[in-house]
Every structure is written in structure tokens, then in C-alpha cells.
Amino acid sequence: MSLFATARAVARHRRKTPAELATELDVATCNILALATENNEQQAALARLEGQLDRAGIELSGALDDLRTARREAARLTDALTATRAELANATAVSSLPNLDDTVPHGIDCRPVQQRFEAGPAIRLGTSPLAGHSPVPTWAITDDDTQHLPHTP
């Protein structure tokens, strides 16, 4: 059976003329073409998005590799820093001396504070033989409260 014969048979049941059926067929054909075009556009957009996703996946894997490398380097540097700090702590460690009397220079009183003051009055630091002498520079001595800066050439 031909297409037109089928259309006439359907038209008899719907009471449509062959011209009306042809018009509806044209409209349906246009709709099919529009849907096919839209489908093609959607497939093209899907292909573009899949390409972008693939590129993003490649960039992500590269970034993850860079991150792993940076973490390994940070761990290595942390271990090196810990070792360096341990070496520094060992180098600058102060241990208690077994006998202070043998190692303390003469003139320094290492007795507890109470025992030192029981022996007699405290000596003023300025008159102590261990006190250093730091004279005031002549440019710092003034008659008023103003402090003059030295002149530099």
C-alpha cells in the first residue's frame, strides 16, 4: 500500500481531506527536521563539553602530580629542618656541671641569695670590681634635657 493510500484510509476515519493531510504531513516533516537539527546541535555541544572535560581531566592530573611533587618536597624539607634543629639543639645544649666550684671564675658569688646576704651588706654594682666602666660620651652631656645627635661628615 502506498503512502497516499494509507493517508486516504486514515483521512476517512478522521474526516480530513487529502490536502489537510498533506499539510499536516508537511508540518510533521518540518518538525522532524527541526528536531533533527536541534539533536545535531546538542550532539555538537556534547562533543565540545566532552572535549573540555577531557582537557580539564588532563590539567587536573597534571595539577595533582605537581601537588604530589610539592608535598614530597615539603616533607623532605620538613625532615631536613627537623634534623637541622636537632643538630642545633645538640650543639647549643647546656648540661649541668658536676662541680661548680671547679668551673666558676674567681670573684663570682654563686651561693644562694639568702646565704650571700647573711655574709654582709650587698655591694653596689657600680663599685663592684666586676662591673665594667662605660663613661658617658662628651657629646651626650648637656645642660638641658635635649639630646644632640653627633654630626656625621
Side-chain angles (χ1 to χ4, degrees), residues 1-105 108-114 116 125-126 128 130-153:
M1 203 183 218
S2 71
L3 180 66
F4 287 113
T6 305
R8 283 188 198 131
V10 171
R12 288 188 186 121
H13 293 289
R14 294 186 185 169
R15 308 230 192 270
K16 292 185 180 179
T17 64
E20 290 173 338
L21 291 174
T23 303
E24 285 183 12
L25 185 61
D26 289 341
V27 170
T29 304
C30 288
N31 288 339
I32 289 172
L33 288 175
L35 290 173
T37 304
E38 185 178 345
N39 186 22
N40 290 340
E41 290 172 357
Q42 294 295 326
Q43 287 177 351
L46 180 63
R48 279 193 310 272
L49 291 175
E50 286 176 347
Q52 289 176 357
L53 183 62
D54 289 342
R55 285 189 298 276
I58 291 169
E59 289 178 14
L60 177 64
S61 66
L64 288 175
D65 188 41
D66 292 345
L67 179 63
R68 281 187 216 101
T69 304
R71 284 184 177 165
R72 281 194 300 271
E73 181 69 13
R76 186 187 65 77
L77 291 174
T78 301
D79 293 342
L81 179 63
T82 303
T84 304
R85 284 182 177 169
E87 290 174 10
L88 181 63
N90 288 337
T92 60
V94 176
S95 59
S96 63
L97 301 172
N99 189 357
L100 289 177
D101 292 335
D102 296 339
T103 58
V104 175
I108 297 177
D109 192 358
C110 294
R111 296 176 295 162
V113 175
Q114 293 300 329
R116 279 189 269 163
L125 185 60
S128 170
L130 299 176
H133 180 66
S134 61
V136 178
T138 57
W139 59 266
I141 300 173
T142 59
D143 293 338
D144 58 3
D145 290 340
T146 305
Q147 294 290 328
H148 298 286
L149 296 176
H151 296 291
T152 57

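Values below: all heavy atoms of this structure, side chains included; hydrogens, waters and symmetry mates excluded. For the single chain, residues carry numbers from 1 onward in sequence order.
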| About how many Å separate CD of Gln42 and CG of Leu35, when rounded to the nearest 0.5 Å? | 11.0 Å
| Looking at side-chain heavy atoms only, is the closest gap between Asp79 and Arg76 below 4.5 Å? | no
| note | In this structure, CD1 of Ile32 is separated from CG of Leu25 (nearest 0.5 Å) by 8.0 Å
| note | So CG of Leu77 and OG1 of Thr82: to nearest 0.5 Å the spacing works out to 10.5 Å
| message | If I take atom CG from residue Asp54 and atom CG from residue Leu49, how far apart are they, to the nearest 0.5 angstrom? | response | 11.0 Å
| Measuring from Glu87:CD to Asn90:CG, what's the distance to the nearest 0.5 Å? | 8.0 Å
| task | Could you grab the distance from atom OG1 of Thr78 to atom CZ of Arg85, nearest 0.5 Å is fine? | result | 9.0 Å
| field | Step-by-step side-chain contact (heavy atoms from CB on, under 4.5 Å) determination, Thr69 to Arg72 | value | CA-CA 5 Å; Thr69 304; Arg72 281 194 300 271; 3.4 Å; yes
